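Order of appearance sets the numbers: ligands from 1, and atoms from 1 within every ligand. Predicted model, so just to flag it, every value in this text is computed and none were measured.
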Amino acid sequence: MNRPTAEGTVSLDKVIKRFGDNTVLDGVSLDIAKGEVVAIIGPSGSGKSTLLRCINALEKIDGGSILVNGEEIGRRATPGGRYEYAELTPQQLARQRAHIGMVFQSFNLFPSMTVLENVTVGPRTVQGVPAAQARANGMARLEEVAMAKFADRYPRTLSGGQQQRVAIARALAMEPSVMLFDEPTSALDPELVGEVIKVLKDLATRGFTMIVVTHEMGFARDVCDRVIFMEGGEIVESGEAHAVFSSPTNVRTQQFLERVL
Ligand code: ADP
Ligand code: MG
């Protein structure tokens with residue numbers, strides 16, 4: 001079912017995720033509006049990456065529901081009844097996931113492909129975009145991250161910041177309505193963080209729905225609409241970014257911010 005009004009929204013309802021007997025997401029509920037830019041902060045092991053991976057259907061959830069663009073991710077209602085769901089076929093899942101861009105800490109570019117090939121492979125193979133059009137679109141996306149002049153280079157010849165900008169262009173090439181970033185600057189040398197933050201700031205002004213797991217507290221406070229603090233698989237605090245930083249209401253948030261700021 002396609003409800004155009006839900007495009008760009010993300011909605012989690014009491015999401016449970018377990019690895020064995022370790023409950024990693026313990027009833028996470030969250031509604032994100034189209035165009036909203038949300039930072040997720042919290043200590044290591046609190047479930048931030050798992051949350052993004054569940055939103056992108058890289059992990060299956062054990063309870064609750066996740067809607068992206070108003071559609072249940074990874075599952076579809078069966079004709080039998082409202083609360084019965086069936087798994088999607090790999091093709092259906094790929095089509096759903098094409099609307100969700102994901103950028104990882106470690107870039108994950110395809111090493112045997114050039115920069116431009118990295119950016120065009122998804123549109124060509126998943127969306128069936130003709131090669132010439134995919135190349136033109138890909139060059140436009142590379143322009144947006146100031147990487148067009150490196151189109152014919154291989155990832156290993158680029159700096160970490162350059163590789164991450166290509167990874168962002170690759171995600172953008174699928175024309176996603178939601179972008180997920182998992183610590184996009186954590187693997188970078190300090191002097192390269194700024195160039196990636198600049199790209200993220202630019203995207204934030206362009207109406208993308210963005211969920212950014214980050215340790216860059218300046219970025220979270222100054223660029224994001226909302227900050228969510230996670231600990232132990234739960235959302236402990238969620239609020240307007242400046243408010244959370246200047247006067248966190250939860251003592252665990254206060255303690256975390258005292259440690260990192
Ligand atoms: P964060 O990103 O906040 O550091 P993660 O989501 O990576 O936290 O991890 C949350 C918890 O889930 C940790 O205890 C971690 O060990 C566990 N975990 C994550 N991925 C897996 C996995 N594939 N198998 C088993 N345990 C996992
Ligand atoms: Mg993580």
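- Distance check for S44 against the Mg ion (ligand 2): none of its N/O/S atoms falls below 2.8 Å.
- Of the protein's non-hydrogen atoms, S49 CB, 3.7 Å is the one closest to atom 7 (O) of ligand 1.
- Scanning the protein heavy atoms around atom 22 (C) of ligand 1, the nearest turns out to be F19 CE2, 3.5 Å.
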I'd like to know whether E237 forms a side-chain contact (heavy atoms from CB on, under 4.5 Å) with I228, so could you lay out the CA-CA distance, the side-chain angles of the two residues, the decisive distance to 0.1 Å, and finally the verdict.
CA-CA 6 Å; E237 180 151 356; I228 287 170; over 6 Å; no

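- Among G42, G232, C54, G47, the residue whose heavy atom sits closest to atom 8 (O) of ligand 1 is G47.
- Checking G20, P43, G45 against atom 1 (P) of ligand 1, the nearest heavy atom belongs to G45.
- Residues that satisfy the side chain to side chain contact (heavy atoms under 4.5 Å, CB included) test with A136, not counting sequence neighbours, are absent from this structure.
- Partner V227 forms a side-chain contact (heavy atoms from CB on, under 4.5 Å) with one of I41, L257, T214 and no other, that one being I41.
- Remark: L180 CG to M210 CE distance equals 10.0 Å, nearest 0.5 Å.
- Residue V213 does not touch ligand 1, judged by heavy-atom distances below 4.0 Å.
- Looking at D152 and T114, their side chains never bring a donor and an acceptor atom within 3.5 Å of each other.
- You'll find the side chain of L109 reaches within 4.5 Å of the side chain of R170, heavy atoms only.
- For the pair R156 and Y154, the cation-pi criterion (under 6.0 Å, within 45° of the ring axis) is fulfilled.
- For atom 27 (C) of ligand 1, the nearest protein heavy atom lies closer than 4.0 Å.
- Distances below 4.0 Å separate heavy atoms of N22 from the following atoms of ligand 1: 14 (O).
- Contact annotation: for T50 versus ligand 1, heavy atoms closer than 4.0 Å belong to both the backbone and the side chain.
- Between R165 and E144 no salt bridge is recorded (no basic side-chain N to carboxylate O distance below 4.0 Å).
- For S44, the closest heavy-atom approach to ligand 1 falls below 4.0 Å.
- Where the criterion is an N or O separation shorter than 3.5 Å, residue side chain and backbone included, K48 meets it with respect to ligand 1.
- Counting atoms of ligand 1 from 1 in the listed order, those under 4.0 Å from a heavy atom of S46 are 1 (P), 3 (O), 8 (O).
- Protein heavy atom closest to atom 12 (O) of ligand 1, with residue, atom name and distance, is V24 CG2, 3.2 Å.
- Shown here is Q92, whose CD atom has more than 12 heavy atoms of other residues, nucleotides or ligands within 6.0 Å.
- The presence of a protein heavy atom under 4.0 Å from atom 14 (O) of ligand 1 is confirmed.
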